[in-house]
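Because only heavy atoms are used, hydrogens play no part in the values below, and waters and symmetry mates are left out as well, while side chains stay in.
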Amino acid sequence: MEPFVVLLPLFGAMLAMPLGRLSGPRAAEIATTALVGLAALYSWHLFFDVAMGAQNARTVTLFTWFSSGDFVADWAVRLDTLSAVMLVVVNTVSFLVHFYSIGYMHEDDGRPRFFAYLSLFTFAMLSLVTADNFMQLFFGWEGVGLASYLLIGFWFKKKSANDAAIKAFVVNRVGDFGFALGIMGVFYVFKSVEFDAVFSVVKANAEVTPWGAAAGAPVRDLTITFLGQDFHALTTIAVLLFIGAMGKSAQFLLHTWLPDAMEGPTPVSALIHAATMVTAGVFLVCRCSIIFENAPDAAALVTLVGAITALFAASVGLLQDDIKKVVAYSTCSQLGFMFFAAGVGAYGAAMFHLLTHAFFKALLFLGSGAVIHGMHHEQDIKKMGGVKELLPFTHMLMFIGTIAITGVGAPGLILFGAPFGTAGFVSKDVILESAFLAGEAGRPFGAFAFGIGLVAAVFTSFYSWRLMYLTFYRRSRAPEHVRKHPHAAPDAMMIPLVPLAIGALFAGMAFYPHFVGKNAEHFWNGALYLPSAESHAAAPSHGDAGEAAASTPSHAAPGPADHAAPAAAEAHVEGGHHVPLWVLWAPFIAMLIGLMTAALHYGRGDPLKPGFLRPGGIVYGFLKNKWYFDEIYDFLLVRPALAFGRFLWKEGDGRTIDGVGPDGVAAAVAQGARRIVRVQTGYMYHYAFAMLVGIALFVTFILLRSGGGE
């Protein structure tokens, strides 16, 4: 039965188009949604069986995919806690997006094709998260890239949609090239691409002999030689794998495709940003946590890139006016939080935030879609206002999503073993506290990530409440016909938002003890590398932050905070570590700063009046133009590539290859033919003269031969 959790969406993708032709679009919608819904229900069953219940982790091998010497890869369904969590996230959000799309896309003629693409996207992501080896993971990796291309460019008659789809595809190819090299490196060092074989060698620090090498070494000390230079093997592999993660998860430098992906229908944006493509990179780093833990330079790179991404995307989101792009840059920023959590060794916290983020980000995207639907497809928040009165239920759901992403909660208040607050409050605070403790333990960039994370939290709160003020509050700035006739969203669009809102409020508190709290080691059951579990026995049960940090090995980050209510100036956290009280309150204060700033600016007077960043200024232009990355890449990469391609086309292919080859031969034949044609004048005396010349030459030849013979 286990394979059906992956195969049911594939069946839906295969059936959608034939059913659409035979029985109409509604049949395709119902079939695909029902099949994904069954997969979602089975995912929850597997989650409780594998992670929450009897810890019945297992791998179901279906067949040998290919075998060539030592290079063997099976097609399997790996069911451990990590994959079970991803199955729940992917299938649940995908089902709600399918259901939502029935209402959102009801006027589109291409509905069967759209639902086929959605289900194909889901299948590819499920293949990725249930992979038992790097090759199957790469299949799913490329599959989500293909599906995203099809969905972003779904409205292919729009040039902007086609351009966005191509951009996403090309930028991801850059990251995927690094990922492919990383897989090659894995096989070169370990002579296997199977997860268990690779991870067990790293965990035991066993001696390995790379492919074709004369001698080996313990894998944690192994170096490989390339172009005369020696490189630490695990660091090289980890960096290459992370380059792939950077592309898929839109991290700094490879992020430019993500905002443009908003050209696809809104349900596509929700699926990409909440559950599928962009979460693949975080999943990859967490799946390979044992490799990154033994490649400290690579882990430092993950921390640095994640922190910069969190700040960059949050700063750009401050001035975005497209409601979907505000939420898109929010996704990019939140992914940065997940990555720097993984970089400091808090893999459980990274996956915890991935789970909670899926709820409130899907809620925000689908809620934004309801606003766009109600405002007659207007997406500019400066042209809205007063939507609370027009769409009160949508406002309530978007408000829940906003308090979740900004982190509203009660620091230090514990109820039933978990911090009291929204999902984003619980998971984001755990990440920031883990980064602080990692910095105290001397982990590279831990303190940097903590500081950057606080600044990003301020920005997140500001742009989130800016969106709420400009969209829902004060007087309406919409055209008269929109205010008089708001296009209320159908029930099919609003029903899926309710469970997402419940998750955005309570998922953090419900899953905290298992993902990062007292039950974490039992919950993950070896699916993640947990540094805090290794240092737990050596760590003191009480003491100050410095003593607790000192008890942690330098290669391992402390465990996440348990948010226990502090009695003095410090808070006791899981694993015997402590964070000062100010660290516990800092994220909440950052949220309040962003909220109050947005309220002061947009809550009174003209909400569109110039603020701290006035149009025309250097900082305004810098943020409004997204740090000029598109312009820089256009200047450094796109234009030179176009010029080089044009040169090869005109000079290489046209003038050289075709000019000398086929075109040259054809031209020579044509020229010769034209010259021969000139001989045929049609005049009798020309022909008579030619005959006389011929006879004279013939007679001369005979006479010369005769004379020569004598």
Checklist entry - Would you say I618 has more than 12 foreign heavy atoms packed within less than 6.0 Å of its CD1? => result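 Counting neighbours around CD1 of I618, 12 or fewer heavy atoms of other residues, nucleotides or ligands fall under 6.0 Å, so no.
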Checklist entry - Around atom CZ of F47, are there more than 12 heavy atoms of other residues, nucleotides or ligands at under 6.0 Å? => result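 Enclosed: over 12 neighbouring heavy atoms sit under 6.0 Å from CZ of F47.
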Sidechain-backbone polar pair: [X] side chain, [Y] backbone, donor-acceptor under 3.5 Å:
{"X": "S249", "Y": "M246", "value": "no"}
{"X": "W465", "Y": "T597", "value": "no"}
{"X": "E378", "Y": "D380", "value": "yes"}
{"X": "T92", "Y": "V89", "value": "no"}
{"X": "N172", "Y": "A168", "value": "yes"}
{"X": "S101", "Y": "P267", "value": "no"}
{"X": "K624", "Y": "L319", "value": "yes"}
{"X": "S464", "Y": "S461", "value": "no"}
{"X": "R466", "Y": "H601", "value": "no"}
{"X": "S330", "Y": "V326", "value": "no"}

Checklist entry - Atom OH in Y42, atom CG in N91: separation rounded to 0.5 Å? => result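 The distance works out to 12.0 Å.
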Item to check | From CD1 (I152) to CE (M277), nearest 0.5 Å | outcome: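 Output value for this atom pair is 6.5 Å.
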How far apart are the closest heavy atoms of [X] and [Y], and which atoms are they?
{"X": "M338", "Y": "A350", "answer": "O-CB, 3.4 Å"}
{"X": "P259", "Y": "K325", "answer": "O-CE, 3.8 Å"}
{"X": "A449", "Y": "A307", "answer": "CA-CB, 4.0 Å"}
{"X": "G153", "Y": "A165", "answer": "N-CB, 3.7 Å"}
{"X": "A590", "Y": "A457", "answer": "CB-CB, 4.0 Å"}
{"X": "G317", "Y": "Y463", "answer": "O-CB, 3.4 Å"}

Item to check | Between D108 and W155: side-chain donor-acceptor atoms closer than 3.5 Å | outcome: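 Distance-only check passes for D108 and W155.
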Checklist entry - Should K167 and D163 count as an ion pair when the cut-off is N to O under 4.0 Å? => result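 Answer for the salt bridge query: no.
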Checklist entry - Yes or no on side-chain contact (heavy atoms from CB on, under 4.5 Å) for L151 and L120, after CA distance, side-chain angles and deciding distance? => result CA-CA 10 Å; L151 285 167; L120 178 65; over 6 Å; no
Counting the benzene-type ring for Trp, do [X] and [Y] have ring centres under 6.0 Å apart?
{"X": "F114", "Y": "F154", "answer": "yes"}
{"X": "F340", "Y": "F337", "answer": "yes"}
{"X": "F48", "Y": "H45", "answer": "no"}

In terms of ring plane angle, is the pair [X] and [Y] parallel, tilted or perpendicular, where the classes change at 30° and 60°?
{"X": "H255", "Y": "F252", "result": "parallel"}
{"X": "W627", "Y": "F622", "result": "parallel"}
{"X": "F462", "Y": "Y602", "result": "tilted"}

Item to check | side-chain contact (heavy atoms from CB on, under 4.5 Å) between T33 and I102, worked out | outcome: CA-CA 9 Å; T33 304; I102 294 175; 3.9 Å; yes
Output side-chain donor-acceptor pairs under 3.5 Å for residues 382-401, partner residues at least two apart or in another chain, one line each.
unit_1: H395; atom_1: NE2; unit_2: Y473; atom_2: OH; d: 2.8

Next on the checklist: Pair Q251, F339 - check side-chain contact (heavy atoms from CB on, under 4.5 Å), show working.
Outcome noted: CA-CA 9 Å; Q251 292 300 282; F339 272 107; 3.3 Å; yes
Next on the checklist: A side-chain contact here means heavy atoms from C-beta on lying under 4.5 Å apart; do V516 and M351 qualify?
Outcome noted: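 With C-beta onward as the side chain, the pair stays apart.
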Item to check | pair V85-F515: side-chain heavy atoms closer than 4.5 Å | outcome: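 Contact flag for V85/F515 side chains = yes.
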For residues 488-502, which side-chain donor-acceptor pairs fall under 3.5 Å, sequence neighbours excluded?
none

Item to check | side-chain contact (heavy atoms from CB on, under 4.5 Å) between M262 and F365, intermediate numbers included | outcome: CA-CA 10 Å; M262 298 304 98; F365 262 116; 3.6 Å; yes
